[in-house]
Number of protein chains: 2
Amino acid sequence: MTPADHPAPAPSPVPRARTVRERAREQITAEILTAARIRLTESGPGELSLRAVARDVGMVSSAVYRYFASRDELLTALLVLAYDELGAAVEQAEAAVADRRDVVGRWRAAWLAVRGWALAHPGDYALLYGSPVPGYAAPQATVEPATRVILVILRIVVDAKEAGSATPAARGAAHDTSAVAGAIGFAQQRGLMHTDAPTELVVRTLMGWTTVFGTISFELFGHLVGSVSQPDDYFEIVIDRLAADLGLTEADPVRNGSPSPSR
Amino acid sequence: MTPADHPAPAPSPVPRARTVRERAREQITAEILTAARIRLTESGPGELSLRAVARDVGMVSSAVYRYFASRDELLTALLVLAYDELGAAVEQAEAAVADRRDVVGRWRAAWLAVRGWALAHPGDYALLYGSPVPGYAAPQATVEPATRVILVILRIVVDAKEAGSATPAARGAAHDTSAVAGAIGFAQQRGLMHTDAPTELVVRTLMGWTTVFGTISFELFGHLVGSVSQPDDYFEIVIDRLAADLGLTEADPVRNGSPSPSR
DNA sequence: AACAAATGAGAGCACTGCTCTTGTTTCCCG
DNA sequence: CGGGAAACAAGAGCAGTGCTCTCATTTGTT
């Protein structure tokens, strides 16, 4: 599909932009997105002004509609961008834990990365986890990037369980297990949790997930102002207790046969 | 300060609206507020249109400014209204538990009331606990109504502790206690927690508070769609486990000397 | 009855999302 | 190389927004 005279298929494995126009289009699209993200830090998704974004990139408002059919489409692109960036940050931070058996360390690294990203990008965090934009329904394209964080967490919990570690104390009355059937199916569908799914573990994982994001939201949205004086310390206190509630145990102090702890 | 010729103070103990104008002003103010609340259920705080509200009450937009100096002032009034309504609902539900020693029952009643109110008023809930409106800073007048829910919860925990019940298991590593110094001060300042404040109990109360609102926000904002199939059941599972984590125990099965369980 | 305060209506300003039209640039293919 | 089609940027325009100002009317007080 280039000046190459071969009529055969075989598109180049790296489908980089060839024509000047496609190149410019990608670049301008990226410029619009970054300008919109900057605006988003101090404007909120519902009040994001497409005209202001257009002015920031030196265009007139109608020209932006060549790149995004509507403000909602721009929001969708921002949503995917932010979800992917958060997911990548968490995956990277969790993967950096050398001792893979240290599930508590991985748990802490993952959640600390979530909070770090949220504090660094409060506007994007509010877009992802704040109140939804009233007339806007997130399309299907956003759900896969949205699952990256919980997938990292799930893998940690599953790894811990397979190591015989994640055994949450059965506190609270026994309830119907079907309430979290969706979460169990979600995990099984992705190859995790191929053994029998212990409902209590799933519940505690969901609770940890909700508690962490609830804590970050409370911190960012100002509800902890009078109560928590050191949010950094408090967050670590919270994730430590959540790990304990899940039954995650520290890595064995016996260091027999650690598989290449270098790097 | 009235036609009463007495220069002495002693205003009437019930300062009801006397003149027709004051009466009309109160009524129209209330009409504007209720119209704004209805608009809020499908518009979001940032997109709340003052002109649309004015049209709903049959006025022109500029006339509304006789009652609220700005859209922010209207938002403040809505904030106070919603916080007070939620607080009253929770206080009432918790007070309806006859057996005051049943701290778990009171815990459940209070949190179920929070969720019930949130589901019944999603727009107001998003105003209170969703992303803050970008350019708007909630004034001091809103903080007191905002504390009513956590005050109810705090009293339950303190009552449980004085009955020797609230003893959370010391899970997780020991941390600096000063992170939650604000919360301890908040409780002591209101006469609660006059004894020595156990940091672990304060932390677990804060965590429970955050988890419940995090759960409700996740449910209302659509983050539990694929995972939790029965939100009602899941919510009860969560608050039961939170009570257990706090060390709240069910009321003693021995019913010796219950102090007037009537009403 | 007279005056002052409160109230409602309207016009107007600068802004918004979005559409449509107009002129220009870039691309592809013969 | 050159013509036609697509993509593009700019502008005008529409209906909406928060908010201010002016003006006429109503209400309360003296």
Side-chain angles (χ1 to χ4, degrees), chain A residues 1-7 16-32 35-36 39-40 42-78 133-137, chain B residues 1-5 7 15-32 35-36 39-40 42-78 133-137:
Chain A
M1 314 169 167
T2 39
D5 38 276
H6 289 306
R16 52 160 69 178
R18 290 167 310 277
T19 94
V20 177
R21 200 161 237 171
E22 285 178 0
R23 231 165 224 296
R25 173 164 254 278
E26 281 186 12
Q27 182 178 336
I28 293 181
T29 303
E31 275 181 30
I32 294 173
R39 285 267 160 198
L40 207 59
E42 51 193 8
S43 296
E47 295 83 15
L48 195 152
S49 164
L50 202 143
R51 291 179 112 115
V53 172
R55 254 171 291 153
D56 289 351
V57 298
M59 298 202 315
V60 91
S61 76
S62 60
V64 178
Y65 285 85
R66 299 280 176 190
Y67 299 88
F68 297 96
S70 65
R71 209 192 55 147
D72 284 3
E73 199 169 284
L74 207 173
L75 279 183
T76 298
L78 287 170
V133 183
Y136 171 77
Chain B
M1 313 168 168
T2 38
D5 40 275
R16 52 160 69 179
R18 289 169 309 278
T19 94
V20 177
R21 201 161 236 172
E22 285 178 0
R23 230 166 224 296
R25 175 165 254 277
E26 280 186 12
Q27 181 178 337
I28 294 180
T29 304
E31 275 181 30
I32 294 174
R39 285 266 159 197
L40 208 59
E42 51 194 7
S43 295
E47 294 83 15
L48 196 153
S49 164
L50 201 143
R51 290 178 112 114
V53 171
R55 256 172 289 149
D56 290 351
V57 299
M59 297 201 315
V60 93
S61 76
S62 60
V64 178
Y65 284 84
R66 302 286 179 189
Y67 299 88
F68 297 96
S70 67
R71 210 191 56 147
D72 284 4
E73 198 168 284
L74 207 173
L75 279 183
T76 299
L78 287 170
V133 183
Y136 171 77

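Every chain is numbered from 1 and lettered A, B, ... according to where its sequence line falls, protein lines coming before strand lines.
The distance from atom OH of B:Tyr65 to atom P of D:dC19 is 4 Å, rounded to the nearest whole Å. Between the CD1 atom of B:Ile32 and the C1' atom of D:dG18 there is a distance of 15 Å, given to the nearest Å. Distance CZ (B:Arg39) to C1' (D:dT17): 13 Å, rounded to an integer number of Å. Look at CD1 on A:Ile28: it is 8 Å from P on D:dC8, rounded to the nearest Å. When the C1' atom of D:dG18 is taken as reference, atom CZ of B:Arg51 falls 7 Å away, rounded to whole Å.
The 5' end of DNA chain C is approached more closely, in terms of each residue's nearest nucleotide, by B:Val64 than by the other of A:Ser49 and B:Val64.
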Problem - Test log, rule side-chain contact (heavy atoms from CB on, under 4.5 Å), inputs A:Arg55 and A:Val60 - result: CA-CA 6 Å; A:Arg55 254 171 291 153; A:Val60 91; over 6 Å; no

Practice task
Let me see the working for B:Leu75 and B:Phe68 under side-chain contact (heavy atoms from CB on, under 4.5 Å), right down to the final yes or no.
Solution key: CA-CA 9 Å; B:Leu75 279 183; B:Phe68 297 96; over 6 Å; no

Completion exercise
Its contact letters, B for base, S for sugar-phosphate only and - for none at protein heavy atoms under 4.0 Å, make nucleotides 21-28 of chain D read BB---BBS

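Residue contacts shown for B:Ser61 include a base, since a base heavy atom lies under 4.0 Å away. Residue-level contact check: B:Leu74 touches neither bases nor backbone, having no heavy atom under 4.0 Å from any strand.
Without hydrogens or angle criteria, B:Arg71 side chain to B:Leu50 main chain gives no donor-acceptor distance under 3.5 Å. Looking at B:Gln27, its side chain never comes within 3.5 Å of a backbone N or O of B:Arg23 through a donor-acceptor pair.
Side-chain contact between B:Leu74 and B:Tyr67 is absent, with no heavy atoms from C-beta onward closer than 4.5 Å. Using a 4.5 Å heavy-atom cutoff, the side chains of B:Ile28 and B:Arg66 are not in contact.
B:Val53 approaches B:Ala36 most closely through the heavy-atom pair CG2-CA, 3.9 Å. Across A:Pro134 and B:Glu42, no two heavy atoms sit closer than the pair CB-O, 4.1 Å.
Contact between the side-chain N/O atoms of A:Tyr67 and the OP1/OP2 oxygens of D:dA9 is found at a separation under 4.0 Å.
Defined by atom type and a distance below 3.5 Å, a donor-acceptor pair is missing between the side-chain atoms of A:Tyr65 and A:Ser70.
The footprint of chain A on DNA chain C, defined by a heavy-atom cutoff below 4.0 Å, extends from C:dT16 to C:dC28.
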